Number of protein chains: 2
Amino acid sequence: MSAVLNARTDGYRVLAQADIIPHLATLTEIAAILGGAPSEWTIRDVADGYINAVYLVDGPKGGICAKQALPWVRYHGESWPLAEDRAFFEASYMRRLDPIVGALAPKLLHFDPVLQFLVIEKLTPHIVLRGGLIEGLRYPKASADVGRYVAQAAFHTSDLGVPFERKFEDIGLFAANRSLLRISVDLIFLDPYQETWRNRFVPELDAWAKAFRDDIELKTAVARHRSAFLSNRQALLHGDLHSGSVMVTEDDTRVIDGEFSTFGPIGFDLGAYAANLILNWYAQGGYDRPADERDSHRQWLLEQVAVLWDSFRHEFVAIWEQNPDTGGDLYPAAHFSGPAGAARLATIRRDYVDAIFADFVAFAAIKMIRRVISYAQIADFGVIEDTKRRAEMQADALAFAREVLKNPGRFTDLGALLDAIPRFEGTGLDPHAKG
Amino acid sequence: MSAVLNARTDGYRVLAQADIIPHLATLTEIAAILGGAPSEWTIRDVADGYINAVYLVDGPKGGICAKQALPWVRYHGESWPLAEDRAFFEASYMRRLDPIVGALAPKLLHFDPVLQFLVIEKLTPHIVLRGGLIEGLRYPKASADVGRYVAQAAFHTSDLGVPFERKFEDIGLFAANRSLLRISVDLIFLDPYQETWRNRFVPELDAWAKAFRDDIELKTAVARHRSAFLSNRQALLHGDLHSGSVMVTEDDTRVIDGEFSTFGPIGFDLGAYAANLILNWYAQGGYDRPADERDSHRQWLLEQVAVLWDSFRHEFVAIWEQNPDTGGDLYPAAHFSGPAGAARLATIRRDYVDAIFADFVAFAAIKMIRRVISYAQIADFGVIEDTKRRAEMQADALAFAREVLKNPGRFTDLGALLDAIPRFEGTGLDPHAKG
Ligand SMILES: Nc1ncnc2c1ncn2[C@@H]1O[C@H](COP(=O)(O)OP(=O)(O)OP(=O)(O)O)[C@@H](O)[C@H]1O
Ligand SMILES: Nc1ncnc2c1ncn2[C@@H]1O[C@H](COP(=O)(O)OP(=O)(O)OP(=O)(O)O)[C@@H](O)[C@H]1O
């Protein structure tokens with residue numbers, strides 16, 4: 001554990017819940033947002049994620065969200081050390097994207113690099129999208145907003161939107177975000193395909209997990225995308241854009257929790273979000289809910305995958321068309337002038353977006369597998385108490401993901417992807433049974 | 001110019017030739033290498049490149065090479081400012097690669113970050129490979145050694161050879177090498193396809209240059225590789241590995257001048273070197289030399305392209321096979337164990353190297369075009385005094401490069417590449433004439 005603790009910024013200490021209000025009282029701007037006297041402020045522990053300490057603090061005038069990175073994984077405890085500089089990367093991500101995504105993210109109000117402590121605009125009455133999906137609630141704008149968010153963030157941090165000098169500045173900064181990237185590499189790309197203490201699948205999935213560990217075609221496909229994740233620095237990614245990183249109301253959507261931010265393929269963020277919609281689709285089969293309710297919710301979920309993609313594509317292409325000369329080094333206006341240049345750019349845009357689609361589909365599948373086999377399981381399945389039933393729903397998800405990764409040529413458009421999802425219902429616990 | 005000058009490290013000053021010996025006399029280790037008293041040392045300006053001040057200093061005991069980065073492009077003068085931190089990146093590159101490539105590069109003896117001043121082992125009796133090629137000399141080991149150099153450097157700085165944490169540390173460092181990368185992006189990837197004051201082609205090539213500016217297929221192909229150069233961070237590259245960056249004797253080869261170092265596709269370095277062999281092949285047509293001498297030298301040049309590639313491929317695959325578990329995140333041993341894993345890894349290696357071949361061929365073509373149209377022309381053509389004759393030889397090279405970029409499917413193996421080179425002799429100054 002020493003290596004991590006030694007890397008700690010001088011002066012760092014873990015704030016107890018009781019320390020938070022006194023500390024906030026020393027921050028003039030934050031005290032002004034809360035209003036009144038510190039004695040009137042109330043605090044609530046809302047850490048429902050795996051990693052950090054998170055509190056909501058309310059005062060007579062307003063509220064804030066306070067978040068501190070601990071020197072370990074909160075959910076696991078001190079035996080899993082984790083560099084607390086991750087709060088620095090979350091703050092850096094918020095600062096970099098604020099002028100780009102505007103109202104699609106909460107504002108960063110304060111960052112303390114010594115305490116690795118963030119104060120963020122409190123989102124209210126927002127709830128975490130994952131919780132809403134489990135309850136069968138619908139958020140009409142969420143998926144379209146997330147699609148727009150990814151499009152804006154990606155375009156303006158890529159070689160399309162900025163000169164490489166700007167991009168390399170960002171790359172240099174986020175290349176230092178290594179502790180969390182190690183978690184991504186391990187939990188998403190390595191653990192599901194090997195035996196490790198971190199894996200958390202239910203025993204009923206043993207045969208599936210073994211089948212995945214033995215499936216060399218599948219591991220080869222995953223390796224290709226692992227390579228792209230580590231080497232294709234297409235744009236600045238959120239890095240953990242699942243439904244637990246999106247807070248919603250009926251008419252507002254905010255992306256939170258950018259501590260996993262890294263440069264990578266744009267399809268990775270889209271895939272993470274879609275994976276969680278599709279996982280929720282499969283999980284619905286394990287919920288005790290009237291069949292018509294379930295079917296209509298599932299139908300809605302599939303529509304949201306389509307909405308996500310269409311919104312992304314539309315926004316991304318629109319930004320590109322509206323910004324013909326950003327100083328980006330990829331397609332300088334001088335090389336693509338006149339009607340022939342315009343026609344060619346239209347083709348180039350289509351090809352560029354098609355390549356993102358292929359990544360999107362593959363990373364969605366990889367993220368699905370991760371949430372079933374690795375550490376950091378999701379509540380969508382966790383709420384299904386009967387573990388055999390849970391495993392059956394998870395097996396469906398695994399079967400779908402395996403097919404997507406091993407036969408990408410069958411999933412080159414949205415229709416094919418959506419049509420396939422229901423076909424894997426009822427796959428069963430034998431990974432080798434023929435459907 | 002102010003932005004660049006302001007970025008200067010405090011205390012920087014340009015050393016005049018007369019300052020060098022007194023300065024070296026203050027460096028105990030360097031003085032010991034030179035031996036005797038400073039009054040016995042001799043100095044010679046050997047700057048034959050475009051960018052830096054370079055001197056050779058000899059003493060009674062030994063010699064050194066002293067190199068200082070000036071705040072401008074030496075060859076062009078003060079009106080083309082250039083951040084002098086490039087010497088830092090050259091030093092960083094040498095330090096990073098020293099344990100990897102060993103005797104294939106000279107040793108870095110001293111680096112002064114304030115003066116951006118390097119002292120390097122003096123190579124003697126080495127000469128710069130480009131000069132040798134122009135004279136028709138043959139260096140039997142050079143191309144095989146360069147192939148091995150690229151293989152070693154690439155493997156051990158990629159996700160095959162190191163955990164991503166190590167790679168991201170390097171990426172963070174070299175992502176700051178932006179002034180020289182701007183030169184690469186402009187001179188290699190942008191200038192040849194647009195009008196700019198930096199272009200330096202002879203007037204006889206006007207029609208060819210215009211044809212390239214108007215060729216949207218060609219520009220699209222180049223854009224794809226420009227994107228890979230900026231986004232595919234496969235390994236640490238030398239970044240400027242032409243025949244002017246290789247010093248040779250009959251039996252020793254050293255790669256110098258790593259100031260353009262950056263992360264990028266492995267094929268880029270290989271392509272740079274091959275481009276200069278192929279350019280020399282075309283230039284030979286303009287030299288007044290007996291036909292049989294020329295033909296046999298040309299034959300030798302083609303063989304060297306093959307030797308380069310075969311040496312790279314052989315060394316790269318051998319290192320990979322001998323290092324099954326480097327901690328690299330791409331193909332962990334645990335995912336590819338047993339006979340099935342071994343068989344699969346053999347396929348993966350072949351595919352990986354094939355993909356490098358495709359990059360190699362494309363970047364070779366792109367580098368050839370750059371040396372004909374952009375700033376920083378090469379002596380291989382420069383020594384042909386009759387500019388029409390020079391232009392004819394250059395047109396052959398352009399025609400070959402255009403074909404390679406527009407029809408990559410015809411160049412998927414070494415034989416096809418080598419066979420094509422002679423077919424473009426005598427293309428002529430009309431870029432649209434049918435052959
Ligand atoms: N700005 C905010 N306003 C209101 N509530 C918030 C805000 N940010 C976070 N929360 C609440 O705190 C919870 C934990 O926050 P967050 O997801 O950022 O923590 P984390 O520990 O980094 O999670 P993870 O394990 O997913 O990385 C959220 O699920 C949400 O309920
Ligand atoms: N270690 C060395 N020993 C002997 N001579 C050297 C050494 N390094 C460089 N030289 C000589 O100095 C010349 C210039 O060196 P170098 O190529 O490093 O300079 P540069 O200005 O960076 O060139 P470029 O414009 O190609 O970037 C070389 O061509 C070679 O003749």
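The shown structure was predicted, so the numbers you read here are calculated from the model rather than taken from an experiment. Chain letters run A, B, ... following the sequence lines, proteins first and then strands; every chain starts at 1.
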Open item on the list: Would you say that B/L181 contacts B/L230 through its side chain, given a criterion of any heavy-atom pair below 4.5 Å between the two side chains?
Closed with: yes
Open item on the list: Within this structure, what is the CG-CG distance for the pair A/L330 and A/L160, rounded to the nearest 0.5 Å?
Closed with: 5.0 Å
TODO: For residues B/F189 and B/I366, determine if any side-chain heavy atom of one lies less than 4.5 Å from a side-chain heavy atom of the other.
DONE: yes
Task: Among the listed options B/V185, B/I348, B/I216, B/L173, the residue most often paired with chain A at heavy-atom distances under 4.5 Å - done: B/I216
Cross-chain donor-acceptor list, chain B and chain A, 3.5 Å limit, no angles:
| from | atom 1 | to | atom 2 | distance (Å) |
| --- | --- | --- | --- | --- |
| B/D159 | OD2 | A/S231 | OG | 3.3 |
| B/E165 | OE1 | A/R182 | NH2 | 2.7 |
| B/E165 | OE2 | A/R182 | NE | 2.6 |
| B/E165 | OE2 | A/R182 | NH2 | 3.4 |
| B/K167 | NZ | A/S231 | OG | 2.9 |
| B/R182 | NE | A/E165 | OE2 | 2.7 |
| B/R182 | NH1 | A/D329 | OD1 | 2.9 |
| B/R182 | NH2 | A/E165 | OE1 | 2.7 |
| B/R182 | NH2 | A/E165 | OE2 | 3.4 |
| B/R182 | NH2 | A/D329 | OD1 | 3.3 |
| B/R182 | NH2 | A/D329 | OD2 | 3.2 |
| B/L190 | O | A/H335 | NE2 | 3.2 |
| B/Q194 | OE1 | A/H335 | NE2 | 3.0 |
| B/E217 | OE1 | A/R344 | NH1 | 3.4 |
| B/E217 | OE2 | A/R344 | NH2 | 2.7 |
| B/K219 | NZ | A/H335 | O | 2.9 |
| B/T220 | OG1 | A/R344 | NH1 | 3.0 |
| B/R226 | NE | A/D329 | O | 2.7 |
| B/R226 | NE | A/L330 | O | 3.4 |
| B/R226 | NH2 | A/L330 | O | 2.4 |
| B/S231 | O | A/R233 | N | 2.9 |
| B/S231 | OG | A/D159 | OD2 | 3.3 |
| B/S231 | OG | A/K167 | NZ | 2.9 |
| B/S231 | OG | A/R233 | O | 3.4 |
| B/R233 | N | A/S231 | O | 2.9 |
| B/R233 | O | A/S231 | OG | 3.4 |
| B/D329 | O | A/R226 | NE | 2.7 |
| B/D329 | OD1 | A/R182 | NH1 | 2.9 |
| B/D329 | OD1 | A/R182 | NH2 | 3.3 |
| B/D329 | OD2 | A/R182 | NH2 | 3.2 |
| B/L330 | O | A/R226 | NE | 3.4 |
| B/L330 | O | A/R226 | NH2 | 2.4 |
| B/H335 | O | A/K219 | NZ | 2.9 |
| B/H335 | NE2 | A/L190 | O | 3.2 |
| B/H335 | NE2 | A/Q194 | OE1 | 3.0 |
| B/R344 | NH1 | A/T220 | OG1 | 3.0 |
| B/R344 | NH2 | A/E217 | OE2 | 2.7 |

Task: chain B contact via A/F263 - which portion, at a heavy-atom distance below 4.5 Å - done: neither
Task: Close side-chain approach of A/F268 to A/I188, heavy-atom, < 4.5 Å - done: yes
Task: Close side-chain approach of A/F260 and A/I183, heavy atoms under 4.5 Å - done: yes
Open item on the list: Rounded to the nearest 0.5 Å, what separates atom CD1 in B/I369 from atom CZ in B/F212?
Closed with: 4.5 Å
TODO: Measure A/L345 against the heavy atoms of chain B and call it side chain, backbone, both or neither at under 4.5 Å.
DONE: neither
Task: Any side-chain heavy-atom pair of A/F174 and A/L236 under 4.5 Å - done: yes
